[in-house]
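Order of the sequence lines sets the chain letters (A, B, ...), proteins ahead of strands, with each chain counted from 1.
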Amino acid sequence: MERRRVKIATFNINGIRPRLDALLKWLERESPDIVCLQELKATDAQFPADAIANAGYGALWHGQQSWNGVAILAKDAEPVLSRRGLPGYEDDTHSRYIEAAVGGLLIGCLYLPNGNPQPGPKFDYKLAWFERFNAHAKALLDSGHPVVLAGDYNVVPTDEDIYNTRSWLKDALLQPESRAAYADLLAQGWTDALRKTFPDERIYTFWDYFRNHWQTNSGLRIDHLLLSKDLAKKLEGAGVDKWVRGEPHASDHAPTWVTLKLGRTRKKAGAA
DNA sequence: ATGCCTAACTAAGTTAGA
């Protein structure tokens, strides 16, 4: 059977308006097929739909004033909306989840709450959001659809996913509760594609703006792509486009991606 | 224990990020 390769990326852009040029440059250079964006920091009306369309991408977005905001982009295709927001969380005022079908895949794009400072109401919100997300992830997995859950999870899964834990021990990203929620999610049967591809390497996706952390490669791995069971078998490669983080006025995150080998054609039921 | 750096909102200073 003929195969097609699909590249799926997640990128916390930290403001789509000040970094639109950086986004377009990255799209042009790396040509991802499907993109999950987080931290748009823009209302729906402020989303640069024309520029993204001119770059050859269809898009769906879920914005809000000043903070949060997520979007799904598809090259030469229009993503088909599955949902905005998590089910049963209609009172959530934050725009943190959008889901769409693209090219036979179901793509969930998430921006999980940061949760700092902890303990406190923001950490409580993070854990509550995580619980609702995991419940939805379980339903997606049980549905049997090919699913990718990509985004900024705001969790450093293990001590192997950070340059040094010393100054982060009290941070919400490393708390046992945050890590347990992520471990529970993986235990449903999802594959963490970056860790699967690089089982023994330090891989980072975020370098904060402080203390020359980029220049000293003092990073964290918090942007994750999770694959449903059938898709995990089709995982071909993964990586981080670190050059984007080195650009002037860059986001503090770098685009993180996987490539999947998918069948071009699906056998019809009853076909030989 | 806090600031470091960056952006939004708005017009100097706070809030949020992670």
Quick check on A:Arg5: does its CZ atom have over 12 non-hydrogen neighbours (other residues, nucleotides or ligands) under 6.0 Å away? no
From the options A:Leu186, A:Leu231, A:Thr191, A:Val258, select the one residue that forms a side-chain contact (heavy atoms from CB on, under 4.5 Å) with A:Leu226. A:Leu186
Nearest whole Å is fine: how far is B:dA7 P from A:Leu20 CG? 14 Å
Is the shortest side-chain N/O distance from [X] to OP1 or OP2 of [N] below 4.0 Å?
X        : N      : value
A:His213 : B:dC5  : no
A:Tyr209 : B:dA16 : no
A:Asn12  : B:dA18 : yes
A:Gln65  : B:dA8  : no
A:Arg19  : B:dT6  : no

Donor-acceptor pairs under 3.5 Å, side chain of residues 76-85 of chain A to any protein atom, not counting sequence neighbours: which ones?
| residue | atom | partner | partner atom | Å |
| --- | --- | --- | --- | --- |
| A:Ser82 | OG | A:Glu99 | OE2 | 2.6 |
| A:Arg84 | NE | A:Trp61 | O | 3.0 |
| A:Arg84 | NH2 | A:Trp61 | O | 3.2 |

A:Asn14 or A:Asp171: which one's nearest nucleotide on DNA chain B is closer to the 5' end? A:Asn14
If each of A:Arg211 and A:Leu112 is mapped to the nucleotide of DNA chain B with the nearest heavy atom, which maps nearer the 5' terminus, i.e. the 5' end? A:Arg211
Looking at B:dC4 and A:Phe210: do their rings stack (centroid distance under 5.5 Å, interplanar angle under 30°)? yes
How far, in whole Å, is B:dT6 from B:dT2 if one measures between their P atoms? 22 Å
Looking only at atom C1', what distance separates B:dG13 and B:dA1, rounded to whole Å? 22 Å
As a quick check of understanding, evaluate side-chain hydrogen bond (donor to acceptor under 3.5 Å, both in side chains) for A:Lys7 and A:Ser31, giving each step before the final call. CA-CA 8 Å; A:Lys7 179 175 179 176; A:Ser31 198; over 6 Å; no
Need one value for A:Asp152: base, sugar-phosphate or nothing, where a base atom within 4.0 Å counts as base even if backbone is also close, heavy atoms only. sugar-phosphate
Who does B:dG17 pair with, Watson-Crick or G-U, both distances under 3.5 Å? B:dC5
From C-beta outward on A:Arg17, which listed nucleotide comes closest to its side chain: B:dA1, B:dA18, B:dA8? B:dA8
